[in-house]
Amino acid sequence: CVCVYVCCLLCILHHCYRRYLPARDQAISELMGEESILYKEKINFKLPGAKGFPPHQDAPAYVTFGMDYHVTCMIASDAATRENGCLEVIPWSREMGVLPHPDGTLPEERVAEWNRNSTWVPLTCSAGDVVFFNSLIPHRSQDNRSAMESRS
């Protein structure tokens with residue numbers, strides 16, 4: 001069974017969000033080839049001027065709960081742009097497995113190597129877009145340099 005971690009504003013409006021659950025669960029189950037269950041839901045608010053998130057994998061945060069792999073389903077409640085600090089990933093990096101996170105983020109020397117040899121891919125989205133990614137993909141976001149808040 002695949003555990004699913006959902007980031008979205010619609011979770012706050014639970015009665016409205018309920019209509020998305022069957023489609024989300026079915027899509028993840030089809031993508032993963034096994035039944036999925038909701039493990040956690042949250043929202044990322046990024047106000048104008050807010051700092052981005054440093055590079056990290058999600059997998060290490062949940063090993064204490066007996067999970068070493070899960071899928072994140074990000075639903076963009078607002079447009080996610082480079083200016084407001086959209087999610088960025090290095091797609092091929094999931095092949096490395098779970099990496100050390102001594103302070104909750106990836107070591108600076110690893111990130112510096114990626115910055116020299118790879119390209120962080122921005123995942124720009126329109127409001128309502130859905131992004132699935134697994135817990136092994138390192139991801140980050142930049143500061144929100146726009147005048148608008150960003151919610152996902």
message = Nearest 0.5 angstrom please: N134 CG to Q57 CD, how far?
response = 9.0 Å
message = Give me the atom names and distance for the closest heavy-atom approach of L123 to C86.
response = O-CB, 3.8 Å
message = Would T81 and S146 count as a side chain to side chain contact (heavy atoms under 4.5 Å, CB included) here? Give the steps.
response = CA-CA 9 Å; T81 65; S146 76; 5.7 Å; no
query = What is the minimum heavy-atom distance between A76 and S126, and which atoms define it?
reply = CB-O, 3.6 Å
remark   = Between C73 and V130, the two heavy atoms sitting closest are SG-CG1, 3.8 Å
key: Stepwise side chain to side chain contact (heavy atoms under 4.5 Å, CB included) test for D78 and M148   = CA-CA 9 Å; D78 298 307; M148 303 294 293; over 6 Å; no
key: Polar side-chain atom of Q142 near backbone of G52 as donor-acceptor pair, under 3.5 Å   = no
remark   = Only one of K51, R82, K46, E88 passes side chain to side chain contact (heavy atoms under 4.5 Å, CB included) with S141, and that residue is K46
inquiry  = Working note: T72 + D58, criterion side chain to side chain contact (heavy atoms under 4.5 Å, CB included); need CA distance, chi angles, decisive distance, verdict.
reply    = CA-CA 9 Å; T72 294; D58 290 339; 3.3 Å; yes
H139 and H56: side chain donor to acceptor below 3.5 Å = yes
ask   = What about I43 and L47, same hydrophobic cluster or not, with Ile/Leu/Val/Met/Phe/Trp/Tyr joined at side-chain heavy-atom distances under 4.5 Å?
value = no
inquiry  = Any heavy-atom pair between the side chains of T105 and P55 that's under 4.5 Å?
reply    = no
inquiry  = Quick one: does any side-chain atom of N144 pair with a main-chain N or O of A50 as donor and acceptor, under 3.5 Å?
reply    = no
query = Side chain of D143, backbone of R145: donor and acceptor closer than 3.5 Å?
reply = no
message = I'd like to know if the side chain of D129 reaches the main chain of I75, judged simply by a donor and an acceptor atom lying under 3.5 Å from each other, with no hydrogens or angles considered.
response = no
ask   = Could you go step by step and tell me if W120 and N115 meet the side chain to side chain contact (heavy atoms under 4.5 Å, CB included) rule?
value = CA-CA 8 Å; W120 288 90; N115 290 342; 2.8 Å; yes
ask   = Quick one: salt bridge (Lys or Arg N to Asp or Glu O under 4.0 Å) partners of E149, sequence neighbours excluded?
value = R151
Residue pair L136 / V98, side-chain heavy-atom distance below 4.5 Å = yes
query = Should F133 and L87 count as side-chain neighbours, where that means a heavy-atom distance under 4.5 Å?
reply = yes
inquiry  = Side chains of S77 and S152, heavy atoms from C-beta outward: is any pair under 4.5 Å?
reply    = no
inquiry  = Within the 4.5 Å heavy-atom criterion, are P138 and R110 side-chain neighbours or not?
reply    = no
key: Minimum side-chain heavy-atom gap C125-V131 below 4.5 Å   = yes
inquiry  = Do L106 and H101 make a side-chain contact, defined as non-hydrogen atoms from C-beta onward lying under 4.5 Å apart?
reply    = yes
